[in-house]
Amino acid sequence: MTSSIHPSAVIEPGAVIGEGCTIGPFALIGPEVTLGAGVVVKSHAVVTGWTEVGAGTVIFPFAVVGEVPQDLKYRGEHTRLIVGERCRIREGATLNTGTEGGGGVTRVGDDCLLMTGAHVGHDAQVGNRVILANQAAVAGHCVLGDDVIVGGLSGIHQWVRVGRGAIIGAVTMVTNDVLPHGLVQGPRGDLDGLNLVGLKRRGVNRAEITALRAGYQMLAQGEGTFLQRAQRLHDETDSDHVREMTDFILAASDRSFLTPK
């Protein structure tokens, strides 16, 4: 299957264009870009840098994918951006390559939706099926697990980890790690319970949800420090979802946690 490339598009020498790609008017594809099969790059979009875009991904007008980091420490090192399959990168979204000090690779998983004006900063690691709503911003070095949703006009501070299945409300600033399946809302990002709607939508059974709710209460109200409560819960639980939460808490982090109230 041949690709469809508009005559006004600029495909720089060295770019690798997969089978069945569609590249629209005035789009720019840089010399170190690899587009998987069936990728669509719409009019006026830019894909540049050492960037790999997975099969079936669609990049909408005026998105900029693979430009250099917005980091004053960046000195032109040769770093990468890897975007997964079947993503939707909407108008005006920006995704930057990595930095040498951050591991050198920014990654976005499969089946992600990055809405208008969303930003993924250098060295961020974004899981599968993540949704960044309009104007949401993920700063450098952040880690977002699978199935995370970030509401519109929200920001994730650099180095923050957001656990699998968590949801961040709109117009929220998140400066500390978010537990898997957590619900965060408010201007300064308060942990306000569990993402019960998301758990039910993903088909998590009632017993696991009940165990998560009990575990959350233990983290909020048990004896000892937060880390001591997490360790005790980790040792006592037989729930996979609770164990995922405690593993997240007990892992190494550059930030403290949003804790249950």
Side-chain angles (χ1 to χ4, degrees), residues 109 111-113 118 124-133 136-139 141-261:
D111 301 299
C112 293
L113 171 59
Q125 307 296 306
V126 177
N128 300 318
R129 300 175 301 279
V130 169
I131 297 173
L132 304 182
V138 176
H141 312 284
C142 290
V143 178
L144 275 61
D146 295 345
D147 302 303
V148 166
I149 298 174
V150 181
L153 295 169
S154 292
I156 312 297
H157 196 282
Q158 60 262 32
W159 300 103
V160 162
R161 299 179 302 146
V162 181
R164 181 171 74 97
I167 184 168
I168 312 299
V171 197
T172 296
M173 180 62 198
V174 181
T175 57
N176 292 306
D177 290 354
V178 179
L179 305 181
H181 314 292
L183 165 63
V184 176
Q185 55 189 352
R188 297 302 300 178
D190 295 319
L191 184 61
D192 199 22
L194 296 170
N195 182 15
L196 297 174
V197 172
L199 288 164
K200 292 172 182 176
R201 285 177 176 171
R202 290 191 293 276
V204 176
N205 65 51
R206 185 182 297 272
E208 282 290 310
I209 292 176
T210 299
L212 269 172
R213 296 180 75 167
Y216 184 89
Q217 287 303 314
M218 181 175 174
L219 289 171
Q221 300 174 354
E223 296 181 357
T225 68
F226 180 67
L227 289 178
Q228 288 170 340
R229 296 194 294 267
Q231 184 64 64
R232 187 163 62 250
L233 181 60
H234 178 85
D235 295 339
E236 295 175 357
T237 188
D238 58 2
S239 162
D240 290 340
H241 283 75
V242 174
R243 183 63 59 81
E244 176 187 23
M245 184 180 290
T246 57
D247 285 345
F248 183 90
I249 295 169
L250 297 171
S253 177
D254 291 288
R255 292 279 168 188
S256 58
F257 292 89
L258 295 178
T259 54
K261 304 299 182 184

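Position 1 is the first residue of the sequence; numbering continues from there.
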Fill in: Smallest separation among heavy atoms of G169 and S154, with atom names
O-OG, 2.7 Å
Worksheet item: What's the verdict on side-chain contact (heavy atoms from CB on, under 4.5 Å) for V204 and H181, showing C-alpha distance, side-chain angles and the deciding distance?
Response: CA-CA 11 Å; V204 176; H181 314 292; 5.9 Å; no
Discussion item. How about CZ on R202, more than 12 heavy atoms from neighbouring residues, nucleotides or ligands closer than 6.0 Å, or not?
Written reply: yes
Worksheet entry | Mutual orientation of the aromatic rings belonging to H141 and W159 [parallel < 30°, tilted 30-60°, perpendicular > 60°] | parallel
Discussion item. L179 vs L219, test: side-chain contact (heavy atoms from CB on, under 4.5 Å). Steps then yes/no.
Written reply: CA-CA 11 Å; L179 305 181; L219 289 171; 4.2 Å; yes
Worksheet item: About how many Å separate CD of Q231 and CZ of F226, when rounded to the nearest 0.5 Å?
Response: 12.5 Å
Worksheet item: Are R255 and Q158 close enough, and set up right, to give a side-chain contact (heavy atoms from CB on, under 4.5 Å), and what steps lead you there?
Response: CA-CA 9 Å; R255 292 279 168 188; Q158 60 262 32; 4.2 Å; yes
Discussion item. I want to check something: taking the side chain as every heavy atom from C-beta on, are F257 and N176 in contact at a cut-off of under 4.5 Å?
Written reply: no
Worksheet item: Any idea which heavy atoms bring R229 and A220 closest together, and the distance?
Response: NH2-O, 4.2 Å
Fill in: 4.5 Å side-chain heavy-atom contact, L194 and M245
yes
Worksheet entry | Distance, nearest 0.5 Å, that separates SG of C112 from CG of N128 | 6.5 Å
Practice prompt. Check the pair R164, D146 against salt bridge (charged side-chain N to carboxylate O under 4.0 Å, His left out), reporting the backbone distance first and the verdict last.
Written response: CA-CA 5 Å; R164 181 171 74 97; D146 295 345; 6.0 Å; no
Fill in: Least distance between heavy atoms, A251 atom then R161 atom
CB-NH1, 3.9 Å
Worksheet item: To the nearest 0.5 Å, what is the distance between CG (L258) and CZ (R188)?
Response: 10.5 Å
Item to complete: Using a 4.5 Å cut-off on heavy atoms from C-beta on, say whether the side chain of D192 contacts that of K261.
Response: no
Worksheet item: Around atom CZ of R213, are there more than 12 heavy atoms of other residues, nucleotides or ligands at under 6.0 Å?
Response: no
Item to complete: Any chance you could measure I156, atom CD1, to D177, atom CG, to the nearest 0.5 Å?
Response: 10.5 Å
Worksheet item: Any side-chain heavy atom of L227 sitting closer than 4.5 Å to one from I249?
Response: yes
Worksheet item: Does a side-chain heavy-atom distance below 4.5 Å link L144 with L132?
Response: yes
Worksheet entry | Considering all heavy atoms, the nearest G165-N195 contact | O-ND2, 2.9 Å
Worksheet item: Between the side chains of S239 and E208, is a donor N or O closer than 3.5 angstrom to an acceptor N or O?
Response: yes
Practice prompt. Hey, could you give me the CZ/OG1 distance between R232 and T246, rounded to the nearest 0.5 Å?
Written response: 12.5 Å
Worksheet entry | For the student: nearest non-hydrogen atoms of A211 and V242, plus distance | O-CG2, 3.4 Å
Worksheet item: Do side-chain atoms of T237 reach the backbone of L233 as a donor and acceptor pair under 3.5 angstrom?
Response: no
Worksheet item: Taking all atoms of both residues into account, what is the closest heavy-atom pair of G182 and L191, and its distance?
Response: CA-CD1, 4.0 Å
Worksheet item: Got a salt bridge between D147 and R129, using NZ or NE/NH1/NH2 to carboxylate O under 4.0 Å?
Response: yes
